[in-house]
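A short worksheet on the structure shown next.
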Amino acid sequence: MIHVVDPDFEKRLGEVGDRITVAIDQLIPPASGPEAQLMRAMRHGALGQGKRLRPFIAIEVGRMFGAQEKSLLRAAAALECVHAYSLIHDDLPCMDDDDIRRGQPTVHKAFDEATAVLAGDALLTLAFEIMASPETHRDAVMRCRLIERMAAAAGPRGMVGGQMIDMNPETGAEEPLQVLTRMQRLKTGAMISFAGEVGALLGGAQEHERQAIAGYTNDLGLAFQIVDDLLDVEGDAETLGKAVDKDREAGKVNFVTLLGVEGAQGQVRFLAAQAKQHLASFGNRATSLLQTVDFVLNRRH
Ligand code: GRG
């Protein structure tokens, strides 16, 4: 795959990422009092060099539908806090046992395991506090809807359920590719789909528009995961900011082990084209979301 991402797009992604980083920094309580280590660990886990892809999708979808910037920024920050929690817990010795994340020591390495568990817990609960605040949206019904969708995306039939399958991939009668696809849809896909929902809900999108966004994020999420599996084989640990070849070393099935490198690349191209097709009715308004697909395809970290 070749690098064709527009530099203006990367600038836009960087600007949104910086605003999200500042917002999260302000939303995490100051590191003071006997619990100060917790806040330092939360910042370590949440403010590192992440791509901020999920908040970017939320904000760009919301902008397309004319949502209020302040609401978008806060809801997107909440979403990123959930993502940061998931990475901290995923890196723990009892899960993926990783030492490096985003090019720096994982939270349990920089602090200790108990602090990492608590920092993840605190980021998850902070996300709900942010979403429930009237500062995020004046309408309590909207806030409840956002909270309900975030809980569903992060919970047992979402990211945590997907992580359970990843930890214990009992296939039973199901084909490995079916189990893997379900695992991905829950573990990675649910939060990417929630990002689209945030923008569509806050922007007051109509049902058919919400459907189009859901189709887009569904395909984008799956493409994102397959690219992740390709990077695990072909990527460079320094650029990625984390260890590579993890799945092969752990004897885990992923899209590359099941489809082969060329098969996986072909599937990514197919999903990318389909994701773009879902946005056809939005015309030029969807330029940034179309470019997001290319960014995901060409990412090296
Ligand atoms: C522990 C409840 C719990 C869930 C963990 C998200 C997740 C579930 C685990 C992450 C492990 C992993 C490598 C998943 C594959 C795809 C993925 C989510 C990568 C990390 O997301 P990026 O690339 O990360 O958007 P940055 O650092 O850019 O934010």
Side-chain angles (χ1 to χ4, degrees), residues 10 13-14 16-17 20-21 24 44-58 76-77 79-98 100-104 106-108 113 116-117 119-121 123-125 127 150-151 153-169 180-181 183-195 217 220-233 235 237 239-247 249-250 252-256 264 268 292 295-301:
E10 301 230 4
L13 177 64
V16 168
I20 289 292
T21 304
I24 295 177
H44 182 95
L47 303 181
Q49 287 295 313
K51 294 180 286 299
R52 313 288 187 246
L53 181 67
R54 296 155 192 78
F56 184 75
I57 293 169
L79 156 62
E80 182 67 12
C81 285
V82 176
H83 173 60
Y85 126 75
S86 78
L87 298 182
I88 295 171
H89 281 196
D90 185 64
D91 290 335
L92 285 167
C94 61
M95 302 244 188
D96 252 16
D97 194 9
D98 275 303
I100 301 286
R101 164 77 62 187
R102 295 173 167 172
Q104 59 177 1
T106 46
V107 177
H108 66 277
E113 275 184 55
V117 170
D121 292 344
L123 282 164
L124 176 62
T125 42
M150 186 162 77
R157 294 282 185 209
M159 185 176 66
V160 175
Q163 183 75 350
M164 187 73 250
I165 302 174
D166 196 16
M167 295 286 108
N168 186 19
L180 184 63
T181 306
M183 192 262 284
Q184 179 288 323
R185 288 220 184 279
L186 300 182
K187 186 176 111 167
T188 318
M191 288 302 290
I192 292 179
S193 292
F194 174 60
T217 49
L220 184 68
L222 187 48
F224 178 89
Q225 180 63 59
I226 301 176
V227 169
D228 211 70
D229 292 349
L230 282 163
L231 288 173
D232 192 47
V233 178
T239 316
L240 273 172
K242 62 177 184 180
V244 291
D245 224 9
K246 290 276 299 176
D247 285 349
E249 279 171 17
K252 273 191 184 173
V253 166
N254 68 26
F255 287 103
V256 176
V268 167
T292 304
F295 173 77
V296 163
L297 251 64
N298 293 301
R299 76 189 177 97
R300 302 310 301 163
H301 65 92

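Indexing begins at 1, ligand by ligand and atom by atom, following the structure's order. Along the sequence shown, residues carry numbers from 1. Owing to the predicted nature of the structure, the values given are computational and were not obtained by experimental measurement.
The ligand atoms of ligand 1 that sit less than 4.0 angstrom from a heavy atom of Arg299 are 23 (O). Near Leu87, meaning under 4.0 Å from one of its heavy atoms, ligand 1 places the atoms 10 (C), 20 (C). In the vicinity of Lys187, heavy-atom distances shorter than 4.0 Å reach the ligand 1 atoms 8 (C), 14 (C).
From Arg185, atom CZ reaches atom CG of Leu180 across 11.0 Å, with rounding to the nearest 0.5 Å. Rounding to the nearest 0.5 angstrom, the gap separating the CD atom in Gln163 from the CE atom in Met183 is 8.5 Å. His83 NE2 to Arg54 CZ: the interatomic distance, rounded to the nearest 0.5 Å, is 4.0 Å.
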What's the verdict on side chain to side chain contact (heavy atoms under 4.5 Å, CB included) for Val233 and Asp229, showing C-alpha distance, side-chain angles and the deciding distance?
CA-CA 7 Å; Val233 178; Asp229 292 349; over 6 Å; no
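Residue-to-ligand polar distances place His83 within reach of ligand 1: an N/O pair is separated by less than 3.5 Å. In terms of N/O distances under 3.5 Å, ligand 1 is approached by Arg102. Taking distance alone, with nitrogen or oxygen atoms compared against 3.5 Å, Lys51 approaches ligand 1 more closely than that limit.
Ionic pairing of Asp96 and Lys252 is present here: one or more N-O contacts between side-chain nitrogen and carboxylate oxygen are shorter than 4.0 angstrom.
In terms of modelled atom types and a separation under 3.5 Å, the side chain of Gln184 and the main chain of Asn254 share no donor-acceptor contact. Not one N or O on the side chain of Ser193 forms a donor-acceptor pair closer than 3.5 Å with the backbone of Ala190.
Under 4.0 angstrom from ligand 1, there are no non-hydrogen atoms of Asp166. When heavy-atom distances to ligand 1 are checked against a 4.0 Å cut-off, Leu53 has no atom that comes that close, whether in backbone or side chain. If you look at Arg52 next to ligand 1, there are no close heavy atoms at all, none under 4.0 Å. Contact annotation for Met164 and ligand 1: no heavy atom of the residue comes within less than 4.0 Å of the ligand. Using a 4.0 Å cut-off between heavy atoms, Gln225 contacts ligand 1 through its side chain alone, with no backbone atom that close. Contacts between Gln163 and ligand 1 below 4.0 angstrom, taking non-hydrogen atoms only, involve the side chain exclusively.
Looking at every heavy atom in both residues, Arg52 comes nearest to Glu80 through NH1-OE2, 3.3 Å. Nearest heavy atom pair, residue Tyr85 against residue Gly120, reads CB-O, 3.3 Å.
Ligand 1 does not have Gln49 within reach: every non-hydrogen atom of the residue lies 4.0 Å or more from it.
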